[in-house]
Amino acid sequence: MNVMEMLQKQFQEAAEKLQTVQKDYSKVLTDRQTLDSQLNENKQVKEELDLATDDCKVYKLIGPALVTQDLAEAKTNVEKRISYISAELKRKEDQMKSLDKKQDEARDKMQEVQVQMQKLQQAPN
């Protein structure tokens, strides 16, 4: 295997790694968007529950049935959900930063190999 074939192989490996990282990034981004909409939805529910007075009835949908739920319990559940979703959002954002870094590394590697290939092609035999 000559030098040019080795460089082409390295370039191909870096391109495949970049593709894999981009696919992972896309999945994490989709997950993050889903969590973001869930967080907004739960914040709206919290706002509505904050407007409710103690004599209001709160219902929770369980399967096809609406079941009464204690207002304080409903508020606590929503706050816990908001806390959990916020933590998951932070985790997804950290994953995205890590994947961004990996994408940059793969691109840099590809560029580096490409420059080496060009130098090799331009070199007199």
Side-chain angles (χ1 to χ4, degrees):
M1 183 182 280
N2 68 24
V3 177
M4 186 58 103
E5 289 172 343
M6 286 174 39
L7 288 173
Q8 286 174 337
K9 186 173 186 261
Q10 286 180 354
F11 185 83
Q12 185 64 36
E13 288 170 356
E16 288 170 5
K17 182 177 180 182
L18 179 61
Q19 222 171 12
T20 303
V21 172
Q22 285 175 331
K23 203 158 81 172
D24 292 347
Y25 186 89
S26 178
K27 170 135 179 38
V28 172
L29 182 62
T30 302
D31 292 348
R32 187 195 169 288
Q33 289 169 335
T34 302
L35 286 168
D36 206 26
S37 66
Q38 288 175 349
L39 181 63
N40 288 333
E41 187 178 314
N42 277 281
K43 283 181 177 178
Q44 286 177 329
V45 170
K46 184 182 181 318
E47 286 175 17
E48 289 297 319
L49 288 175
D50 287 343
L51 295 175
T53 58
D54 289 338
D55 61 337
C56 289
K57 287 193 177 203
V58 177
Y59 294 91
K60 180 177 183 175
L61 185 64
I62 300 177
L66 282 175
V67 179
T68 57
Q69 187 177 29
D70 180 53
L71 178 62
E73 182 184 346
K75 284 182 178 182
T76 303
N77 288 344
V78 170
E79 286 169 3
K80 284 180 184 177
R81 262 199 313 269
I82 289 173
S83 175
Y84 172 77
I85 292 169
S86 295
E88 281 298 298
L89 264 172
K90 169 131 180 50
R91 198 173 68 77
K92 293 294 178 186
E93 286 170 2
D94 291 345
Q95 275 184 309
M96 287 172 66
K97 285 178 188 173
S98 171
L99 290 170
D100 269 336
K101 189 176 178 184
K102 287 180 181 179
Q103 283 185 61
D104 290 343
E105 289 169 359
R107 284 189 190 107
D108 290 346
K109 179 69 176 170
M110 288 172 66
Q111 198 171 20
E112 180 184 310
V113 171
Q114 206 168 21
V115 167
Q116 289 176 344
M117 287 169 64
Q118 287 172 349
K119 285 181 182 177
L120 194 63
Q121 287 173 341
Q122 292 172 356
N125 291 336

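Nothing here was measured: the structure is a model prediction, and the numbers come from that model.
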Val113 and Leu7 have their tightest heavy-atom pair at CG1-O, 3.1 Å
Separation between CD (Gln116) and CE (Met4), nearest 0.5 Å, reads 10.5 Å
The reported gap from OG1 in Thr68 to CD in Glu73 (rounded to nearest 0.5 angstrom) is 9.5 Å
Here the gap from Leu18 atom CG to Asp104 atom CG, rounded to the nearest 0.5 Å, amounts to 9.5 Å
Linked, directly or transitively: Leu89 and Leu99 (ILVMFWY side chains, under 4.5 Å) | no
With a cut-off of 6.0 Å (strictly less than), are more than 12 heavy atoms of other residues, nucleotides or ligands near CD of Glu93? yes
Side chain to side chain contact (heavy atoms under 4.5 Å, CB included) test vs Gln12 passes for just one of Gln10, Glu16, Gln8, namely Glu16
Side chain to side chain contact (heavy atoms under 4.5 Å, CB included) between Asn77 and Gln69, intermediate numbers included: CA-CA 11 Å; Asn77 288 344; Gln69 187 177 29; 3.0 Å; yes
Report the C-alpha distance between Glu47 and Lys43 in whole Å, list the side-chain angles of each, state the deciding distance to 0.1 Å, and finish with yes or no for salt bridge (Lys or Arg N to Asp or Glu O under 4.0 Å). CA-CA 6 Å; Glu47 286 175 17; Lys43 283 181 177 178; over 6 Å; no
More than 12 heavy atoms of other residues, nucleotides or ligands under 6.0 Å from NZ of Lys102: yes or no? no
Side chains of Gln103 and Arg107: any donor to acceptor distance under 3.5 Å?
yes
Between Leu35 and Ile85, the two heavy atoms sitting closest are O-CG2, 3.4 Å
Are Val115 and Val3 joined in one hydrophobic group, where the rule is that I, L, V, M, F, W and Y side chains link up if heavy atoms are under 4.5 Å apart?
no
Taken to the nearest 0.5 Å, the spacing of Gln95 CD from Asp24 CG works out to 9.0 Å
- Query: Can you check whether Ile82's main-chain N or O pairs, donor with acceptor, with Ser86's side chain at less than 3.5 Å?
  - Reply: yes
When you measure from the side chain of Ser26 to the backbone of Gln22, do you find a donor-acceptor pair of N or O atoms at a distance under 3.5 Å?
no
Nearest heavy-atom contact between Tyr25 and Asp100 is CE1-OD1, 3.4 Å
Do Val78 and Tyr84 sit in the same hydrophobic cluster, where Ile, Leu, Val, Met, Phe, Trp and Tyr count as joined when their side-chain heavy atoms come under 4.5 Å apart?
-> yes
Crowded around Asp55 CG? As in, over 12 foreign heavy atoms under 6.0 Å? yes
Here the pair of heavy atoms bringing Met110 nearest to Ala15 is SD-CA, 3.7 Å
| said: Quick check against the 3.5 Å criterion: does Asn42 have a side-chain atom that pairs as donor or acceptor with the backbone of Gln38? | reply: yes
Distance col, row Asp36:CG vs Glu88:CD, nearest 0.5 angstrom, shows 13.5 Å
Self-check item: CD/Gln118: more than 12 non-hydrogen atoms of other groups inside 6.0 Å
Solution: yes
NZ of Lys46 to CG of Leu51, rounded to nearest 0.5 Å, is 10.5 Å
- Item | Joint hydrophobic cluster, Leu29 plus Val21, side-chain heavy atoms closer than 4.5 Å | yes
